Peer 1: 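I have a structure I would like to understand better, so I am pasting it below and will then ask my questions one at a time.
In what follows, every heavy atom counts, from backbone to side chain, and hydrogens, waters and symmetry copies are set aside. Values in this document were obtained by computation on a predicted structure and should not be read as measured data.
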Amino acid sequence: RELGILTVWDLAHSAGAFPVDLNGCGADFAVGCGYKYLNGGPGAPAFVFVAERHHHVPPVLSGWMGHADPFEMARTYSPLYKVNPPLRTAADVEALREALADGTIDVVGTDHAPHPLESKDCEWQAGAFGMTGLETALSVLIETMVAPGRMSWRDLARVMSTAPALIGRAADQGQGLEVGAPANIAVVDPEVRRTVDPRAQWTHSTNTPYAGMELPGKVVATFLHGR
């Protein structure tokens with residue numbers, strides 16, 4: 001099959017989550033899901049279109065921030081790309097970007113996982129799971145979502161600040177620039193482009209998958225409660 005179709009509830013907006021076994025539904029290797037609501041929008045039943053890629057079909061290399069398919073990066077067996085859940089294909093990346101752009105995904109966060117050099121400068125089997133992401137997350141979203149026009153700067157603030165604060169019930173976070181509001185602000189220079197240097201990051205770990213990539217945007221100042 002080239003396409004499998006499942007009918008499920010919208011997991012992103014439902015009160016309770018439950019697992020969907022794609023393999024049990026006949027998908028040999030799911031590479032992406034597209035959501036189409038039957039009615040009513042988020043919270044309503046949804047068709048999930050599951051594209052499949054069989055194991056004997058070689059993956060097609062396509063753009064991932066100007067680089068190879070992330071699935072192929074993992075197949076280099078460099079522990080730098082060893083994470084759990086594992087890196088997926090460019091098709092999966094595109095499915096996530098589409099879901100982020102249309103509001104299916106509410107927030108963006110990072111599973112920032114620094115590791116000492118000896119946990120990554122080794123063979124794959126001995127390498128630790130995880131990669132850093134906290135210092136590059138904003139730049140990655142600017143490059144992949146804002147610059148191509150898939151999201152606005154207001155959208156970016158929503159998924160990285162406003163919505164997380166609302167979901168986490170952090171009342172003094174994620175607010176707009178208003179007189180009397182808590183001055184919790186990140187000042188970003190969107191014109192700066194920088195090459196990611198693991199040794200120049202604030203984290204003491206160097207296990208970033210973006211090492212050597214040129215990314216836009218730089219946080220030039222931060223304020224917490226006006227300081």
Peer 1: Got Asp106 and Leu166 here, is their nearest side-chain heavy-atom distance under 4.5 Å?
Peer 2: no
Peer 1: Distance-only criterion, 3.5 Å: show the donor-acceptor pairs between side-chain atoms of residues 111-123 and protein atoms not counting sequence neighbours.
Peer 2:
unit_1: His112; atom_1: ND1; unit_2: Gly133; atom_2: N; d: 3.2
unit_1: His112; atom_1: ND1; unit_2: Leu134; atom_2: N; d: 3.2
unit_1: His115; atom_1: NE2; unit_2: Phe129; atom_2: O; d: 2.6
unit_1: Lys120; atom_1: NZ; unit_2: Pro79; atom_2: O; d: 2.6
unit_1: Lys120; atom_1: NZ; unit_2: Lys82; atom_2: O; d: 3.1
unit_1: Lys120; atom_1: NZ; unit_2: Ala128; atom_2: O; d: 2.7
unit_1: Lys120; atom_1: NZ; unit_2: Gly130; atom_2: O; d: 2.8

Peer 1: Does the Glu135 side chain pair with the main chain of Thr203, one donor and one acceptor, at a distance under 3.5 Å?
Peer 2: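 Yes; at least one donor-acceptor contact below 3.5 Å.
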Peer 1: With a cut-off of 3.5 Å and sequence neighbours excluded, list every side-chain donor-acceptor pair involving residues 219-227.
Peer 2:
none

Peer 1: What is the minimum heavy-atom distance between Asp172 and Gln175, and which atoms define it?
Peer 2: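 Of all heavy-atom pairs spanning Asp172 and Gln175, the closest is CA-NE2, 3.9 Å.
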Peer 1: Pro198 and Thr208: which non-hydrogen atoms are nearest, and at how many Å?
Peer 2: CG-CG2, 3.7 Å
Peer 1: Does any part of the side chain of Val192, heavy atoms only, come nearer than 4.5 Å to the side chain of Pro190, both counted from C-beta?
Peer 2: no
Peer 1: List the steps, then state whether side chain to side chain contact (heavy atoms under 4.5 Å, CB included) holds for Ile142 with Leu215.
Peer 2: CA-CA 8 Å; Ile142 296 173; Leu215 297 177; over 6 Å; no
Peer 1: Compare every heavy atom of Trp124 with every heavy atom of Tyr81, then report the nearest pair and how far apart it is.
Peer 2: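 In terms of heavy atoms, the two residues are closest at O-CH2, 4.1 Å.
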Peer 1: Scan the side chains in residues 149-159 for donor-acceptor partners under 3.5 Å anywhere in the protein, sequence neighbours excluded, and list what turns up.
Peer 2:
unit_1: Arg150; atom_1: NH1; unit_2: Glu94; atom_2: OE1; d: 3.1
unit_1: Arg150; atom_1: NH1; unit_2: Glu94; atom_2: OE2; d: 3.2
unit_1: Arg150; atom_1: NH2; unit_2: Glu94; atom_2: OE2; d: 2.8
unit_1: Ser152; atom_1: OG; unit_2: Arg154; atom_2: N; d: 3.4
unit_1: Ser152; atom_1: OG; unit_2: Asp155; atom_2: N; d: 3.0
unit_1: Ser152; atom_1: OG; unit_2: Asp155; atom_2: OD2; d: 3.1
unit_1: Asp155; atom_1: OD1; unit_2: Arg158; atom_2: NH2; d: 3.3
unit_1: Asp155; atom_1: OD2; unit_2: Ser152; atom_2: N; d: 3.0

Peer 1: Atom CG in Leu138, atom OG1 in Thr110: separation rounded to 0.5 Å?
Peer 2: 11.5 Å
Peer 1: To the nearest 0.5 Å, tell me how far Arg199 CZ sits from Asp197 CG.
Peer 2: 5.0 Å
Peer 1: Report yes if the side chains of Thr136 and Gln201 come closer than 4.5 Å at any heavy-atom pair, otherwise no.
Peer 2: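 Side chain of Thr136 against side chain of Gln201, heavy atoms only: contact under 4.5 Å found.
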Peer 1: If you group Ile, Leu, Val, Met, Phe, Trp and Tyr by side-chain heavy-atom gaps below 4.5 Å, do Val107 and Leu100 land in one group?
Peer 2: no
Peer 1: Is a side-chain donor or acceptor of Ser139 paired with a backbone partner of Gly217 at a separation under 3.5 angstrom?
Peer 2: yes
Peer 1: Can you name the closest pair of heavy atoms from Gly174 and Thr162 and give their distance?
Peer 2: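 Of all heavy-atom pairs spanning Gly174 and Thr162, the closest is O-OG1, 3.5 Å.
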